[in-house]
Q: 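Quick one: this structure, given as structure tokens, is what I'll be asking you about.
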Amino acid sequence: MSHLSAATRHRVAFTLNGRPVSLEAEPRLLASDALRHGLGATGTHVGCEHGVCGACTIQIDGVPARACLTLAVQLEGRKVRTVEGLGPAADRLSVLQASFRRHHALQCGFCTAGILVSLDAFLHEQPHPSEEELRIVVGGHLCRCTGYTPIIRATLEAAEQLRSDPSLPDSSHV
Amino acid sequence: MKPAAFDFIRAGNLSEALDALGQYGSDARIIAGGQSLMPMLNMRLAKPAVLIDVMGIPGLDAVRREGDTIVISAGVRQAALMQRPNLASELPLLAAALPWLGHYQTRTRGTVCGSAAHADPSAEIPLCLVALDGEVRLRSRKRSRRVKAGDFFVGMMVTDKADDELIEAVTFPVSKPGSGHAFKEVARRHGDFAIVGCAALVTPDAIHLAVAGVADKPQRRSFPLLDGSALSDALNAFAWDLDARDDYHATARLRRDLVRSLGRDTIKEALSCRT
């Protein structure tokens with residue numbers, strides 16, 4: 001059993017986009033704040049902070065999760081992936097990201113990081129998604145710009161590209 | 001929108017978790033997937049002094065069959081239960097309801113028992129527990145006990161669980177041959193809290209309908225195999241007895257109307273898929 005006291009900071013170590021990282025966290029620190037303020041990884045956006053809007057969605061051990069509903073201390077030892085880890089290199093987009101760009105699947109971009117992270121995980125689970133399935137997955141995110149239609153279109157096209165050429169530089173899970 | 005300060009205890013086994021609960025009592029809360037508790041903490045509707053994390057306890061992520069009962073332990077995530085082979089034949093009601101429980105992105109973390117512990121009156125897991133007459137297995141340092149779902153849910157976010165108890169598991173009876181199940185809900189957006197949720201179980205001699213989102217806890221009523229206007233009258237009486245209230249999301253009148261119409265549709269579907 002380990003007992004982390006409220007008043008002190010505790011070392012939390014995990015893998016972020018393939019790189020070992022650590023920070024000092026009070027137990028009450030949210031994972032979203034740990035990423036943004038503790039590690040400077042500001043790609044993960046913070047909207048509602050109670051799990052409704054989906055902007056802060058990250059992958060923990062390959063599955064999507066709300067960073068605002070996760071404590072930093074719960075990331076101990078986990079593999080965390082954020083929007084910064086989707087592209088094959090800092091100056092290159094993943095297949096899904098490039099498809100979002102082509103289809104104008106974003107405008108202000110606030111919700112985009114979370115949506116990309118969710119869809120990236122879902123496409124690994126379901127390489128042959130139906131439009132209906134995608135609408136339900138994207139239903140876990142609030143987007144006030146696009147009306148969702150270009151997001152669905154972009155994702156269907158990205159799925160098709162990934163199926164036809166599995167060697168494409170998409171999101172090798174790390 | 002940040003939680004108030006708390007100590008965080010990682011329990012390595014069940015007795016450590018029970019000891020900590022015994023020591024801190026009402027100052028402590030169990031955290032499993034956190035998908036119900038974390039919003040409460042963020043909004044400071046809950047300000048426990050201690051959180052006890054049970055997700056590191058070995059064996060707590062087990063779903064097992066004990067005779068005609070499926071036992072779902074405290075650490076079982078909703079997404080993991082959805083992936084159970086044979087779920088649709090063992091627990092067809094759960095198979096139908098789970099896709100409506102929160103979002104794809106929250107079911108990956110949220111647990112089945114956590115949803116029962118939270119006891120939101122519109123939530124799907126409490127509704128299914130009440131519909132199927134399942135049980136909640138409670139454990140403290142001093143004792144273990146089993147409580148029928150209908151007695152476990154006391155009121156809005158209030159349960160029969162004592163401060164030193166944790167939910168060790170919830171149990172559902174396996175579907176019997178000749179029975180039919182159906183689930184339906186109405187919400188603003190798929191994954192949001194239901195305005196009204198209905199779960200129906202039809203057996204060879206009775207209809208059981210449970211309703212969430214209307215009263216302060218899920219409520220079940222049993223009828224003989226009625227149809228036509230007799231069923232309409234029974235549903236109307238049930239709708240009025242649930243004592244619906246107006247709130248931000250819907251009027252009492254809309255809720256009663258949904259109990260009548262959605263209730264009838266749910267029963268109809270359960271009748272049509274009897275095995």
Side-chain angles (χ1 to χ4, degrees), chain A residues 1-8 10 12 25-33 46-74 76-77 114-115 117-119 121-122 125-126 132-142, chain B residues 1-20 23-24 31-45 47-57 77 79-80 83 99-100 102-110 187-193:
Chain A
M1 181 172 84
S2 60
H3 187 137
L4 311 180
S5 75
T8 47
H10 309 272
V12 180
E26 290 176 19
R28 68 169 175 157
L29 185 72
L30 300 177
S32 43
D33 290 334
V46 175
C48 72
E49 287 195 316
H50 63 289
V52 173
C53 79
C56 69
T57 303
I58 60 173
Q59 290 173 13
I60 303 174
D61 291 338
V63 294
R66 307 288 205 222
C68 75
L69 300 188
T70 307
L71 295 167
V73 293
Q74 291 176 301
E76 176 67 37
I115 293 180
V117 167
S118 270
L119 288 171
F122 187 70
E125 201 178 292
Q126 173 52 282
E132 174 67 16
E133 286 172 320
L134 292 179
R135 284 191 181 277
I136 288 172
V137 171
V138 174
H141 297 269
L142 293 179
Chain B
M1 297 297 286
K2 313 289 181 192
F6 48 76
D7 283 13
F8 188 83
I9 294 177
R10 286 194 187 101
N13 55 52
L14 194 59
S15 67
E16 285 179 359
L18 295 174
D19 284 348
Q23 185 181 346
Y24 297 105
I31 185 163
Q35 301 303 288
S36 299
L37 182 59
M38 286 299 301
M40 302 287 285
L41 296 177
N42 287 2
M43 293 189 275
R44 301 202 180 192
L45 295 170
K47 287 190 269 186
V50 179
L51 284 193
I52 303 166
D53 179 11
V54 295
M55 294 308 270
I57 298 176
R77 298 193 197 270
Q83 284 162 13
W100 294 87
H103 298 287
Y104 169 64
Q105 299 86 351
T106 60
R107 292 191 296 268
T108 53
R109 304 276 299 168
R188 286 273 172 197
R189 163 176 82 141
H190 186 117
D192 282 359
F193 283 109

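The chains referred to below are lettered A, B, ... by the order of the sequence lines, with proteins before strands, and numbering in each begins at 1.
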Q: With chain B, which of L71(A), I136(A), I60(A) has the greatest number of heavy-atom pairs at distances under 4.5 Å?
A: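 Going by pairs under 4.5 Å, I would pick L71(A).
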Q: Going by heavy atoms in the side chains, are L51(B) and R28(A) under 4.5 Å from each other?
A: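 Result no, sub-4.5 Å side-chain heavy-atom pair not found.
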Q: Which bit of A4(B) is near chain A, if near means a heavy-atom gap under 4.5 Å: side chain, backbone, both or neither?
A: backbone
Q: Which atoms of E26(A) are under 4.5 Å from chain B, going by heavy atoms: the side chain, the backbone, both sets, or neither?
A: neither
Q: I52(B) versus chain A, heavy atoms under 4.5 Å apart: side chain, backbone, both or neither?
A: neither
Q: With a 4.5 Å cut-off on side-chain heavy atoms, are H103(B) and R189(B) touching?
A: yes
Q: For L41(B), is it the side chain, the backbone, both or neither that has a heavy atom under 4.5 Å from a heavy atom of chain A?
A: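 Neither part.
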Q: Under 4.5 Å from any heavy atom of chain B, what part of H141(A) do you find: side chain, backbone, both or neither?
A: both
Q: For S2(A), is it the side chain, the backbone, both, or neither that has a heavy atom closer than 4.5 Å to a heavy atom of chain B?
A: both
Q: Hey, which of M1(B), R107(B), H190(B) has the most heavy atom pairs under 4.5 Å with chain A?
A: M1(B)
Q: Are K2(B) and N42(B) side-chain neighbours, meaning at least one heavy-atom pair lies under 4.5 Å?
A: no
Q: With the side chain counted from C-beta on, respond yes when V117(A) and Q105(B) share a heavy-atom pair under 4.5 Å apart, and no when they do not.
A: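 Not touching, per the 4.5 Å side-chain cut-off.
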Q: So which of A11(B), P39(B), A49(B), G56(B) has the biggest tally of heavy-atom pairs under 4.5 Å with chain A?
A: P39(B)
Q: Using a cut-off of under 4.5 Å on heavy-atom pairs, state which of T8(A), V46(A), T70(A), L29(A) scores highest against chain B.
A: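 Looking at each option in turn, the highest pair count goes to T70(A).
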Q: Below 4.5 Å from any heavy atom of chain A, which atoms of M43(B) appear? Answer side chain, backbone, both or neither.
A: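 When you check distances to chain A, only side chain atoms of M43(B) fall under 4.5 Å.
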Q: Please check if any side-chain donor atom of Q35(B) sits under 3.5 Å from a side-chain acceptor atom of T106(B), or the reverse.
A: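 Checked: Q35(B)/T106(B) side chains show no N/O donor-acceptor pair below 3.5 Å.
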Q: Between R109(B) and R77(B), which heavy-atom pair has the shortest distance, and what is it?
A: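 In terms of heavy atoms, the two residues are closest at O-NH1, 2.8 Å.
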Q: Quick check on E133(A) against chain B: is it the side chain, the backbone, both or neither that has a heavy atom closer than 4.5 Å?
A: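 Nothing of E133(A), per the 4.5 Å heavy-atom cut-off to chain B.
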Q: Over all heavy atoms of both residues, which pair between P64(A) and Y104(B) is shortest? Give the atoms and the distance, please.
A: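 Closest heavy-atom pair between P64(A) and Y104(B): CG-CE2, 3.6 Å.
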Q: Around atom CZ of R188(B), are there more than 12 heavy atoms of other residues, nucleotides or ligands at under 6.0 Å?
A: no
